[in-house]
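Read through the structure below, which is laid out as structure tokens, and then see the notes.
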Amino acid sequence: MQAVLQTLGSISEIRSWQDLTECQQTQLSRSLVHPDRIYWVSPATIEELGAIVACAYQHQWRILPCGHATKLHWGGVIDEVTLVVSTEKLDRLVEHAEGDLTVTTEVGISFAQLQAIVGKVGQFCAIDPQFRDRATLGGIIATADTGSLRHRYNSVRDMLLGITFVRYDGEIVKAGGRVVKNVAGYDLMKLLTGSYGTLGILAQATLRVYPIPANTRSILVYGDSDSLAQAAQTLLSSALTPTSVDLLSNSLTEKSTVGLLVRFQSIPESVNLQIQRLTEVATALGLSVSDADLWQTFQDRMDVSDQRNTIVCKIGVRPSSAVTVLDQLASILPAAKVVIHAGSGIGQLSVPDARSTQILEARSICAASGGYLSVLQGSIAFKQQLDVWGYSGNALNVMQRVKAQFDPQTLFSPHRFVGGI
């Protein structure tokens with residue numbers, strides 16, 4: 001391994017396990033079977049990143065890309081990696097086209113820093129990711145971590161206008177551009193979004209941004225499950241325009257029933273009128289309403305950044321079955337915190353100290369509703385007891401062929417993705 005230090009030392013600063021911070025060591029220990037065997041390198045420029053990857057390709061060193069490593073433990077268990085390549089120093093603003101509502105930055109910028117930059121001119125990035133204080137833009141794109149705002153603004157892949165990434169041999173590749181109407185080349189942005197660093201290393205990205213709404217309020221509707229499902233369906237088929245519509249388990253509402261947390265953003269008159277209309281619907285169905293602004297409280301309850309023993313899963317269900325699934329999950333995992341975005345059926349389940357058999361039962365419940373359950377966070381020992389992704393579709397062969405085209409030597413994030421990709 002001394003060859004790694006000698007070869008890369010002339011290209012970039014490189015650190016071995018004992019030189020890493022306690023936080024970095026903790027994150028790596030949750031992701032890698034042999035974390036003490038890696039070297040950590042943080043290129044300062046995109047060209048330097050390309051040179052590092054080219055060197056790794058020549059020596060057949062496996063690479064685990066990351067930013068601040070907040071989501072490094074998401075996905076499958078990684079057994080053998082030589083280099084952890086962090087984009088944490090690639091954090092520069094390239095261009096903020098305020099009039100065009102776009103921003104271009106290097107992907108090592110933290111989400112909080114990016115929001116602060118565009119917020120100076122009354123704009124924001126319409127993403128609601130986990131670990132929003134430290135998560136980098138690259139990690140958010142790589143894991144497709146959109147959050148509740150997808151109801152109004154769609155997913156991360158819909159916000160991407162252009163990317164720059166480094167492919168397996170160190171070549172720097174660009175796709176898309178910096179304008180909203182863009183038809184240049186293949187839409188590689190959608191392919192790399194949610195690929196968990198298995199196809200290349202993101203270096204730069206251009207995203208849409210939006211004006212900050214004049215007013216924001218949220219409302220919690222809770223009560224009988226059947227009535228709540230009817231209220232959700234009525235809301236989704238109405239002319240009301242909520243920013244987010246989330247179904248919550250009773251462990252999140254802190255009531256004895258499931259709840260519907262709805263957020264409105266617009267001018268004050270519109271927000272107040274829409275909350276009044278939703279309250280009328282809820283009252284007619286015999287449901288209770290709390291109009292205190294619970295959005296931040298909800299986000300705090302879903303925060304699992306410091307909960308090392310918590311199992312976190314991404315789930316998907318048929319939207320029309322979401323309330324039923326919440327009740328079924330509560331019967332087998334009463335301590336679980338579950339949120340399901342009512343419009344898409346995508347959500348998150350987090351539960352402390354669950355057994356693998358319970359998670360597999362929860363997966364069966366989601367599958368019966370035409371959905372899925374994938375384990376994001378869990379100890380290495382836990383993940384080795386089951387198939388983390390649980391994928392049963394027919395696209396695995398296509399995904400393997402895409403991986404072979406983009407990374408023929410299987411250097412990037414080995415075994416982290418579906419089917420051991």
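We count residues from 1, following the sequence as given. If you're wondering where the values come from, they're calculated on a predicted model, not measured in any experiment. Values below: all heavy atoms of this structure, side chains included; hydrogens, waters and symmetry mates excluded.
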Taking the inter-plane angle between the rings of Y210 and F124 on a 0 to 90° scale, is it parallel (under 30°), tilted (30 to 60°) or perpendicular (over 60°)?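 Correct class here is tilted.
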Students often mix this up, so state it plainly: with edges at 30° and 60°, are the rings of W389 and F417 parallel, tilted or perpendicular?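 Perpendicular: the ring planes of W389 and F417 meet at over 60°.
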Between [Y] and [X], is there a side-chain donor-acceptor contact under 3.5 Å, judged purely by atom types and distance?
X: N250; Y: T253; value: no
X: T104; Y: E95; value: no
X: W40; Y: E88; value: yes
X: H68; Y: Q27; value: no
X: Q274; Y: S270; value: yes
X: S16; Y: D19; value: yes
X: S244; Y: S148; value: no
X: Q348; Y: Q130; value: yes

Quick test of your reading of the model: are D91 and K89 salt-bridged, counting only N-O distances below 4.0 Å?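 Judged by the 4.0 Å cut-off on N to carboxylate O distance, D91 and K89 do not form a salt bridge.
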Begin from the C-alpha positions of H151 and H341 and carry the test side chain to side chain contact (heavy atoms under 4.5 Å, CB included) through to its verdict. CA-CA 7 Å; H151 180 85; H341 311 313; 6.0 Å; no
Between [Y] and [X], is there a side-chain heavy-atom distance shorter than 4.5 Å?
X: Q123; Y: L101; value: yes
X: L28; Y: I38; value: yes
X: L207; Y: T102; value: no
X: L235; Y: V245; value: yes
X: V84; Y: V41; value: no
X: F264; Y: L278; value: yes

Short question: side chain of [X], backbone of [Y] - any donor-acceptor pair under 3.5 Å?
X: T243; Y: R152; value: no
X: S321; Y: T324; value: no
X: S413; Y: G197; value: yes
X: E48; Y: A44; value: yes
X: D100; Y: A97; value: no
X: H73; Y: R30; value: no

Take a 6.0 Å sphere around CG of N397 and say whether it holds more than 12 heavy atoms from other residues, nucleotides or ligands.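 Atom CG in N397 is packed in, count exceeds 12.
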Inspect the surroundings of CZ in R355 and state if more than 12 heavy atoms from other residues, nucleotides or ligands are less than 6.0 Å away.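 No, not enclosed.
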All side chain to side chain contact (heavy atoms under 4.5 Å, CB included) counterparts of S29, not counting sequence neighbours: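 If we apply the side chain to side chain contact (heavy atoms under 4.5 Å, CB included) test to S29, skipping adjacent residues, the hits are W17, P35.
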